[in-house]
Amino acid sequence: MIDQDPSERIRWSAVRLIYSREMRDQLRDRRTLFTILILPLLLYPLIGSVLMQVTQFSNQPVMKIAVIGNEHLQDLPPLFEAIDPVSGEPACVPGGPDSDNSQAGQINTVVIGSHENLPMEHRFADSLLTARQPMRLTLYRASEFGDQAKIDQVTGRWVNDGVYDIILKIPENLVDIDQHENKGLVERGPAPGISLVYNAASGPSNSAVAVVTSALQAWKHQWVQRSLEGFGIGQSVLQPFEVTLADIAKPDARQTMFWSKLLPMVMLVWAMTGAFYPAIDMVAGEKERGTLETLLCSPALRGEIVWGKLAAVTTFSMLTAILNTISMLSTGAMVFSQIGIGEPTTMPLWTVVLLLGTMFPLSIMFSGIALGLSAMARSSKEGQYYLMPMMMAIIPFVVLPSMPGISLSIGTSLIPVTGMFLLVRSLIESNYTSALVHLPMVAGVTIACVGLVLRWTMRLFENESVLFHGGQPFNPGRMLDSIRENRQTYAKPNQAYALAVVILVGLFFGRLMFVGIPDGVSGLAKMVLGPQLGMILLPSLILAAVCTKRARIGLRLRMPTWNVLLFSVVLGFALHPAYMLLTRWVMVAYPISESAIASMRPLTDQMAATPWIYLVLLMAVVPAICEELAFRGFMFGGLLRDRQPFRAILVTAVLFGVSHGVLQQSISATVMGFLLGWIAWRTGSVVPTILIHTINNTLSVSLPNIAEIDIPAKSFILDTTGDQFAYQPMWCLMCITFSIAILVIFGALRGDADEQSSTEETDTDTLSPGRDAGTFTMVPGVN
Amino acid sequence: MIEVIALTKVYQDSNTGRHVAVDRVHFQVRAGEILGLLGANGAGKTTVLRILATMLRPTSGAVRVCGFGVEDSPAEVRRRIGFVSNNTAIYDRMTAEEMLAFFGKLHGLNGDRLRQRTESLMDTLRMNDFRKCPGAKLSTGMKQKVSIARALIHDPPVLIFDEATLGLDVMVARNLLQVIRQLRDAGKCLIFSTHIMSEVEKLCDRVAIMHQGRILDCGTLSELKARHGNHDVEELFFSLVTSHDPTATSQSVLQGAE
């Protein structure tokens with residue numbers, strides 16, 4: 001609708017009217033009230049009380065520890081102490097832990113005294129543990145097991161079966177130096193080892209390792225100290241200094257830091273949920289109930305309806321986020337202080353204000369997205385299905401700021417949502433300069449995103465097929481028929497994008513399937529042909545056959561004139577030095593890590609061992625044909641409209657780059673993609689780009705071979721002195737000049753020959769040179 | 001008042017392809033006149049009326065309501081029409097009173113004028129008993145009354161009723177026809193679309209018979225009867241449709257069976 005009339009201008013009174021109606025409507029809905037007001041008030045206290053109940057049950061698991069070789073601990077500083085089973089206090093044990101009261105190899109020391117018949121329990125000596133933890137210690141003598149192999153076998157089984165969480169194996173050669181006078185100082189060989197048998201795959205076993213290791217460390221420390229004291233060396237030798245940490249951050253700054261990382265995530269998820277349900281009810285729900293049409297035939301403009309509903313959805317989004325946060329913070333603080341983890345924390349007011357300020361534009365954005373999705377849904381049930389994908393798409397941007405190592409920079413400030421939160425964190429950390437420097441970018445990106453979302457929503461509301469589609473059930477067979485009935489010379493843009501998605505997803509899984517180092521030529525062939533033929537060529541051919549009138553034309557597979565073919569071949573050779581320079585620059589700007597090079601080495605070796613002709617076929621011919629038919633063929637045709645090549649060139653170049661997977665390759669491929677796209681547009685065919693692509697790749701894989709051939713002018717072309725083959729600078733310059741000349745010639749071609757001939761195409765159209773594209777007609781004013 | 005010239009509407013649907021819903025339709029409606037738009041389901045009646053109400057845009061052709069083009073000044077057009085269809089429901093969580101106030105305010109009515117319009121509609125449509133009931137609790141007949149009151153709140157010169165009697169019981173339908181006649185007598189310009197022949201006979205000054213997006217013939221009932229030599233409206237309709245498209249009857253039977 002064109003806003004030309006004053007009556008078509010948005011009246012804010014009408015927006016306010018619609019807003020207040022929507023608010024009242026939602027507040028009268030029990031479901032909305034429940035999710036927005038009641039749920040946060042009930043949910044967190046409920047979770048909190050359940051948590052408190054559960055912790056009472058589960059916080060005291062008893063650690064099961066076995067010691068083998070208890071007899072070797074004699075005459076050493078005490079590692080264990082016996083405790084009185086009745087009083088729970090350390091007991092005096094006559095005869096030490098190794099008194100002869102064992103039964104079946106297990107030593108259960110019996111206290112001679114008051115509780116004669118009760119077996120004595122043991123624990124680590126009190127001074128060795130920082131915190132008392134419930135544990136059951138069982139002491140064995142090594143001699144009960146026989147040889148070492150038997151011990152290893154039994155301990156392995158016990159830990160594996162969970163009989164014990166950890167087993168300490170005490171060796172027999174533990175010697176207290178102190179008792180052997182000064183001899184020990186020089187005579188000792190490698191220190192004997194106490195081995196701990198545990199199971200890293202078991203939780204209790206892992207925590208037992210931590211406890212036992214720290215106890216042994218403390219034991220060692222005491223032992224060393226005692227020995228040194230025996231030699232007359234005091235404590236000061238062992239501890240020449242102590243490290244103390246001085247944290248200058250105020251306690252509330254630390255808390256702010258913690259909350260500034262956690263709260264944005266929580267608030268955003270709630271803001272999304274809070275926006276989503278009212279949005280679904282306000283558009284998809286109204287469509288279902290038939291009230292949307294009532295509103296659309298009233299004098300309210302579409303813009304007024306969108307603004308009114310958007311304001312209502314944003315209100316609910318903010319309310320949900322704020323209420324949930326308050327409820328979570330207060331319940332959390334209470335529960336934690338009850339359980340005894342940390343003290344109740346408060347959030348500084350100024351952080352809260354900042355967070356809310358950040359939330360507001362994001363909340364508008366989510367509300368816009370939710371409204372748009374809701375407009376696309378035919379029913380509220382269909383609308384509900386969109387929540388999960390929306391969350392999945394947005395969550396990465398929310399989680400990214402809290403990842404370690406991510407801070408505000410030019411790169412991150414350009415990422416929507418993420419940049420916003422990093423900016424807030426900078427402010428909280430009093431990093432004002434950084435925040436101020438990046439503010440324009442963050443604000444620009446956020447405003448652009450909000451603007452784009454609003455425009456999209458507005459367009460959906462003016463799209464009658466979105467608002468009034470008849471609710472036909474999805475029928476794949478009928479859809480296929482309709483595609484076949486409506487096919488034209490070229491694909492439609494959405495079909496071009498569909499191919500892109502199929503290829504990118506296919507390649508992702510293809511790469512997962514063909515990992516590892518190929519084995520011989522056949523392995524290499526499998527690695528290349530699988531993705532190329534299966535994931536790129538096959539979908540392109542199928543889509544071309546289904547969606548276009550004639551697959552060959554749909555793939556832009558036309559024969560250009562012989563002149564164009566000849567120039568393409570020459571251009572293929574002439575462009576290669578420039579391409580090599582480009583890849584070199586990319587490598588300098590974004591170097592590949594050493595480990596990546598090392599992991600690629602077997603592949604490069606394999607390629608070096610492959611016969612040249614196979615290499616050319618696998619690395620040059622096949623990829624050139626497959627990729628060109630997909631990107632410069634089907635997709636290009638689908639995206640090229642109304643003599644406007646910009647979209648087709650840009651989109652295919654970027655997709656071509658992304659399809660290469662490795663960042664360094666992607667950058668050079670994108671740049672080449674622009675050039676190939678432009679050539680494909682000027683020549684109206686995919687054949688020249690296939691030629692250029694093939695020759696370019698052939699030269700890349702053949703440089704080592706060319707360097708070996710003894711041709712007279714070789715030293716003029718190639719520089720073989722370095723470890724990598726490179727073109728001579730002079731040759732590069734010549735080639736680039738030559739390429740520019742050919743590109744100028746291509747520029748003079750009738751670029752739209754393709755589009756014009758497509759309308760007059762007949763069935764007699766054959767693959768003959770000079771028939772329909774790329775004729776050398778000089779049109780003044782073109783290019 | 002209403003002028004429709006060579007109106008064509010083509011739908012593009014990715015699921016079903018290109019579909020011509022309205023094909024070069026011409027008609028005019030004057031003030032104080034009821035035009036009956038008679039046609040089977042899917043004839044294109046609703047599309048024509050939605051274009052009149054500016055909810056859909058015409059693919060080609062011109063539509064003018066009270067001198068305003070639906071494409072140039074849709075808001076002006078919407079200010080001058082009242083649209084009632086079986087697709088324009090009332091809000092479940094609003095009372096009849098609130099509904100009228102909301103739409104009245106959207107039309108720019110305020111204070112006394114709004115109160116006066118509301119009260120007069122409540123009286124004429126006999127809605128006072130349920131004026132404070134939320135929409136969800138009203139019966140079908142009551143809902144229809146609220147709908148009509150909503151369409152009349154701004155006292156529009158043009159009124160469009162699209163299958164408005166669908167699903168109403170005899171008493172309510174009869175009441176509705178009476179209201180429409182009163183509106184005609186008050187000088188309003190009315191379009192009444194239906195597939196029920198008897199309603200057309202009772203109500204309409206002129207009839208346009210629609211089939212597959214086209215108007216096959218248009219005129220007063222007596223004109224049509226004379227022109228096609230048939231005195232029964234139902235027979236007249238069938239003979240027109242069949243002569244236009246021999247397969248139509250069997251198709252409509254099949255469509256009815258679906």
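Since we're looking at a predicted model, the values are computed, not measured. Just so it is clear, the values below take in all heavy atoms, side chains as well, and ignore hydrogens, waters and symmetry mates. Throughout, protein chains are lettered first and strands after them, A, B, ... in sequence-line order, and every chain is numbered starting at 1.
Checked against salt bridge (charged side-chain N to carboxylate O under 4.0 Å, His left out), E288(A) has no partners two or more places apart in sequence or in another chain.
Of residues 131-142 of chain B, no residue lies under 4.5 Å from chain A by any heavy-atom pair. At a heavy-atom separation below 4.5 angstrom, chain A is approached by R150(B) within residues 144-165 of chain B. Near-neighbour residues of residues 83-92 of chain B relative to chain A, defined by a heavy atom under 4.5 Å from a heavy atom of that chain, comprise F83(B), S85(B), N87(B), T88(B), A89(B), I90(B), Y91(B), D92(B).
Using a 3.5 Å distance cut-off with no hydrogens or angles, the side chains of T8(B) and R24(B) do not pair a donor with an acceptor. Side chains of T59(B) and Y11(B): no donor on one and acceptor on the other come within 3.5 Å.
Using a distance-only test at 3.5 Å, with no hydrogens or angles considered, a donor-acceptor pair links the side chain of T95(B) to the main chain of E98(B). In this structure, the side chain of R184(B) does not engage the main chain of I180(B) through any donor-acceptor pair within 3.5 Å. A distance-only check finds a donor-acceptor pair linking the side chain of S379(A) to the backbone of E382(A) [under 3.5 Å]. A donor-acceptor pair under 3.5 Å links the side-chain atoms of K287(A) to the main chain of A377(A), judged by distance alone.
Using a 4.0 Å cut-off between a side-chain N of Lys or Arg and a carboxylate O of Asp or Glu, R289(A) and E286(A) do not qualify as a salt bridge. Salt bridge K309(A)/D281(A): absent, no basic N to carboxylate O contact under 4.0 Å. With respect to R11(A) and E304(A), a salt bridge is recorded, a charged nitrogen being found less than 4.0 Å from a carboxylate O. R115(B) and E119(B) are not joined by a salt bridge, as no carboxylate oxygen comes within less than 4.0 angstrom of a charged side-chain nitrogen. R302(A) has no carboxylate O lying under 4.0 Å from a charged side-chain N of E462(A), or vice versa, which leaves the two without a salt bridge. Ion pairing between E22(A) and R16(A) fails under the 4.0 Å rule for side-chain N and carboxylate O.
The candidate with the highest count of non-hydrogen atom pairs below 4.5 Å against chain B, out of G290(A), S13(A), P299(A), is P299(A). Taking chain B as the reference chain and counting heavy-atom pairs below 4.5 Å, the highest number among L17(A), L296(A), L292(A) is found for L17(A).
Between F276(A) and V313(A), every side-chain heavy-atom pair lies at or beyond the 4.5 Å cut-off.
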